[in-house]
Protein chains: 2
Amino acid sequence: MSAPQTTLSQRIRDEIEGLIRSGVWPPGHKAPSEAELMAQYGCSRMTVNKAMSALAEAGLIVRRRRAGSFVARPRVHSAVLDIPDIQAQVLARGETYAFVMLDEGRRAAESDEEAELARGQDLLVFRGLHVAAGRPFALEDRLIALAAVPEAADADFASEPPGAWLLHHVPWTEAENRISAVGAEPEAARLLALDEGAALLAVERRTWRAGEPVTWVRQLFPGEAYDLVARFGPAR
Amino acid sequence: MSAPQTTLSQRIRDEIEGLIRSGVWPPGHKAPSEAELMAQYGCSRMTVNKAMSALAEAGLIVRRRRAGSFVARPRVHSAVLDIPDIQAQVLARGETYAFVMLDEGRRAAESDEEAELARGQDLLVFRGLHVAAGRPFALEDRLIALAAVPEAADADFASEPPGAWLLHHVPWTEAENRISAVGAEPEAARLLALDEGAALLAVERRTWRAGEPVTWVRQLFPGEAYDLVARFGPAR
DNA sequence: CGCGCGAATATGTCTATACATATTGAACCC
DNA sequence: GGGTTCAATATGTATAGACATATTCGCGCG
């Protein structure tokens, strides 16, 4: 048994996908041309083309004739649950947006769950309030793993809130959303200017890049003020 | 300008996708072999193969050597928001499941929104309670468009609740979920055995098949008892 | 009658080649 | 200097042929 159980075009695709997902090829990076790849892998152009076309269809690269193939900017979202960038959403509705940082710090993990995220290093801890049109829109608690994103230690989260900063700097590869409804606790009610016990939409999200946990976030939205919309349709 | 702005393999793919999505080719239907298609379209096998491979990758067909290509059974869900079949979910957790039909009828549309769904014909109207492990799990209101699903008029919704029946009989092509948190109204609170004003997770879903509206449903879950989990990961 | 084996079939992948098309960059002319 | 043209480049699509591989069907043998 000599042949690997994967095909050549699949192998090319996987290797390049690995380079992209791991960040070795950052967004905007120019990939080798098909001619270069066919020399590198010793195969025909059709084989290379199949791999690259698949990557393009998957949205990982953007191809432009004559110019070449480039690693795509992290898709803000691949058409799935559209909740990542609250700032962009609010601005898209034509409302003013502000992020009020309530608390900001750096500490070690304090629970098993946090330890899984921290992976031996410190966590950045945030609590902030998203404000749309002058009214509280969402209360956010966030942890960022410095183990996964060391450059976050030097980021300026006054100019760009942590969620947006991450979205623009760290492409994620996996995410898990947990959505539920909860009654407002006293402090949350106060910060969101609601009555205690009011229905809140709670979105808890964990995000990974290439299997490595990056961030955990919990956002609380006033139930009446926010609808989460997810639309699934034909592929194109 | 003579050439259509779509390529041949894309056209083949689109036409076959249309046959599948419209239901002309039902699940399990055997598609023509590549040889037949290349005769039909007067092109080479590679061109046909590209179209069929793309359909296979998209999960619309299943291909088996020597046997042929077959229309895939409707994917219960393509790994997206996992909420369609409450019964299956409850049973998967090892709990008993029951659906209690509270109200069932047939009537004409009574609002503009309903008219859009009804398309000139009657609607089937349901209200029922999903019961898991003997406790209320979700309150469901549903409308089904007889214009889109005439066979629903003869279905036995005592043996299979409307949601599961639809899922097993009508593959959907587009869906829109709207998720929010609401306080329990008196009647909902009573039916779900909760206090008035308790936080409920509200899922409102509209579904289409090939552009034609099929059903509208609103499900109310006790906030503490239910988490909506959506996981997005690598394609394969 | 049942079982195994081989032939036929349909897909899976790859090669080599060809022509089309968008884009870029540079040469060229006014 | 500025705008136009043109050729080089890289991708997009398609062809025809080849070999590999999984699966099924049917035939023949015991």
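We name chains A, B, ... by the order of the sequence lines, and we start the count at 1 in each one. Here the structure is a predicted model, which is why all the values come from computation and not from measurement.
DNA chain C is contacted by both A:S9 and B:S69; B:S69 maps to the nucleotide lying nearer its 5′ end (nearest heavy atom per residue). In this structure, A:T47 and B:S53 both approach DNA chain C, and ranking their closest nucleotides by distance from the 5' end singles out B:S53.
Annotation for B:A72 and B:V62: closest pair CB-CG2, 3.9 Å, computed over non-hydrogen atoms. The minimum heavy-atom distance linking A:I61 with A:M52 is given by the pair CD1-O, 3.6 Å.
Residue B:L8 contributes atom CG, which lies 18 Å from atom P of D:dG12 at whole-angstrom precision. With rounding to whole Å, A:R11 atom CZ is found 11 Å from C:dC14 atom P. The separation between A:R13 atom CZ and C:dC14 atom C1' is 18 Å, rounded to whole Å. When rounded to the nearest whole Å, the span between CE of A:M46 and C1' of C:dC14 equals 9 Å. As rounded to whole Å, 12 Å separates atom C1' of D:dT23 from atom NZ of B:K30. Put simply, CE on B:M52 is 11 Å from C1' on C:dA10, counting in whole angstrom units. A:R63 has its CZ atom 16 Å from the P atom of C:dA22, to the nearest Å. A:R64 places its CZ atom 21 Å from the P atom of D:dA8, with the value rounded to the nearest Å.
Among the nucleotides D:dA14, C:dT13, D:dA10, the one closest to the side chain of A:S33 is D:dA10. Between D:dC25, C:dA16, D:dT9, one nucleotide has an atom nearer to the side chain of A:S44 than all others, and that is C:dA16. When each of C:dA22, D:dG17, D:dT21 is scored by its nearest atom to the side-chain atoms of B:R65, the top-ranked nucleotide is D:dT21. Closest contact between the side chain of A:E34 and the listed nucleotides C:dG12, D:dT11, C:dG25 involves D:dT11.
More than 12 heavy atoms of other residues, nucleotides or ligands sit less than 6.0 Å from atom CD of B:E104.
Taking 3.5 Å as the limit, the base of C:dT13 and the side chain of B:R45 contain a donor-acceptor pair of atoms between them.
Across A:R209, A:R142, A:R205, a single residue satisfies side chain to side chain donor-acceptor pair (under 3.5 Å) together with A:T215, and that is A:R142.
Here A:K50 does not reach the OP1 or OP2 of C:dC14: none of its side-chain N or O atoms lies under 4.0 Å away.
Taking the charged nitrogens against the carboxylate oxygens, A:E113 and A:R218 have no contact shorter than 4.0 Å, which rules out a salt bridge.
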